[in-house]
Every structure is written in C-alpha cells, then in structure tokens.
Amino acid sequence: MMFHSLFSSIDLPEAAGSLAARSRVGARRACAAMAAALVALALAGATGCAAPASDSSNQTGADAASQQASMSVNVVVDTSAVEGAPVSYDAPVTLDEGASAFDALQATGLSVNVTESSYGSYVSAVEGLAAGDHGDMSGWMYEVNGAEAQVAASAYVLSKGDSVRWYYTVS
C-alpha cells in the first residue's frame, strides 16, 4: 500500500514517454560523440600522430618501434669438406636482437633451401649444395662460438658478437 501511495501522483504513461524521448536524444548524442571520436582517431592515425614515448629522447612511439635494437654477428659458411669448396662466406652481418642462427645464415644473401619439421627449420641446401649430394650422411650443420648446437638453428637465439659457422659435412 505504501508503494501505491508513493507513486500515485506520477502519471506513468507520461513519464515513460518523456524518459523514452530523453533516451533517444541521449542515444543520438552518444552516437554522434562516438562517431566524432572515431573520426578524430582515424585522422590522427593517418597523419602519423602518436603519443610521445616515455623516454627523454622525445621520440614518438612510431619512431621508437622502427628503431629495433640491432647486433652484429660473424657468419662463416664452410664447404671445405667438399672438393673445390663450392661455397664460401666469412663476414659479419647485422641482425635484430633476438635473431636466430638461421636468421644469420639468411642475412648472408646466399641461396638457402629449408625443410620445416616439428624440430624447427632444417637447412637442406646452401647455394645448391644439398644434403645427400656427397653421400647419405652429408648435409649442413652449424656451431656457435665453436660449440656444436643442440637445437634447430631457428630456435638458437644469438647474442651480440657471436660467431656462427655453417659447415657442410660428408660423414
């Protein structure tokens, strides 16, 4: 009964109509504001606007992202096990930090053929010299800093100054 007496002075149909009208106006305003915000964001992206990076160099976020830290590693490709040593390479390459031994080989610019497996990328040929060309046990292997790696080259993460030696073995 208290409930009925509390709301008896309100004309519910009129209040509902007024609320619905205000809701439509509010919804239209909210949609218009959302559309304006989306247009502003799209224009900011198209003109390259970005928030400043948090460091003191005052670079924009886009500039900082484009300047990935790099490192230098030395890469040697050795085919001395094959008469005439058809492939030879010995020079430093520049890679992004976090690059793999496989990335280092690709950075040489030599032609590389790869076979993917559940273990990672297997280098099956370099400059046309392929696994199996010189016997059943011939193929490509690699070592880092003089130690034979125990993982696929695509999984071996290099460090600045590492030396990667890719070599063709016949046994």
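Just so it is clear, the values below take in all heavy atoms, side chains as well, and ignore hydrogens, waters and symmetry mates.
Counted within 6.0 Å of CD on Glu116, heavy atoms from surrounding residues, nucleotides or ligands total more than 12; the atom is thus considered enclosed.
For the pair Gly120 and Ser154, the tightest heavy-atom approach, listed with the atom from each and the gap, is CA-OG, 3.7 Å. Of all heavy-atom pairs spanning Val114 and Ser121, the tightest one is CG1-CB, 3.6 Å. In terms of heavy-atom proximity, Leu95 sits nearest to Asp103 at CD2-O, 3.9 Å. Between Met141 and Thr169, the shortest heavy-atom distance links the atoms SD-CG2, 3.9 Å. Between Asn74 and Ala91 the shortest heavy-atom distance is OD1-C, 3.2 Å. For the pair Val170 and Val82, the tightest heavy-atom approach, listed with the atom from each and the gap, is CG1-CG2, 4.5 Å.
Residues Tyr89 and Val76 fail the side-chain proximity criterion, which asks for heavy atoms closer than 4.5 Å. Within the 4.5 Å cutoff, no side-chain heavy atoms of Tyr167 are placed close to those of Thr79. In this structure, the side chains of Tyr156 and Val144 come closer than 4.5 Å at one or more pairs of heavy atoms.
Cluster annotation: Val112 is connected to Trp140 through the hydrophobic network of ILVMFWY side chains, with a link wherever side-chain heavy atoms come within less than 4.5 Å. Linking Ile, Leu, Val, Met, Phe, Trp and Tyr whenever their side-chain heavy atoms come within less than 4.5 Å leaves Val157 and Leu105 in two separate clusters.
Tyr122 belongs to no hydrophobic cluster, as no Ile, Leu, Val, Met, Phe, Trp or Tyr side chain comes under 4.5 Å of its own.
Atom OG of Ser72 and atom CG of Leu158 lie 11.0 Å apart (nearest 0.5 Å). Rounding to the nearest 0.5 Å gives a distance of 11.0 Å between OG of Ser88 and CD of Glu127.
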Arg165/Asp78 under side chain to side chain contact (heavy atoms under 4.5 Å, CB included): CA gap, chis, key distance, verdict: CA-CA 7 Å; Arg165 178 178 168 254; Asp78 177 8; 2.8 Å; yes

Lys160 and Val73: side chain to side chain contact (heavy atoms under 4.5 Å, CB included), yes or no, with the steps? CA-CA 6 Å; Lys160 181 179 181 178; Val73 300; over 6 Å; no

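Tyr168 and Ser138 are linked by a side-chain donor-acceptor pair at a separation below 3.5 angstrom, with hydrogens and angles left out of the test.
For Asn113, the side chain to side chain contact (heavy atoms under 4.5 Å, CB included) partners are Ser111, Ser124, Ala125, not counting sequence neighbours.
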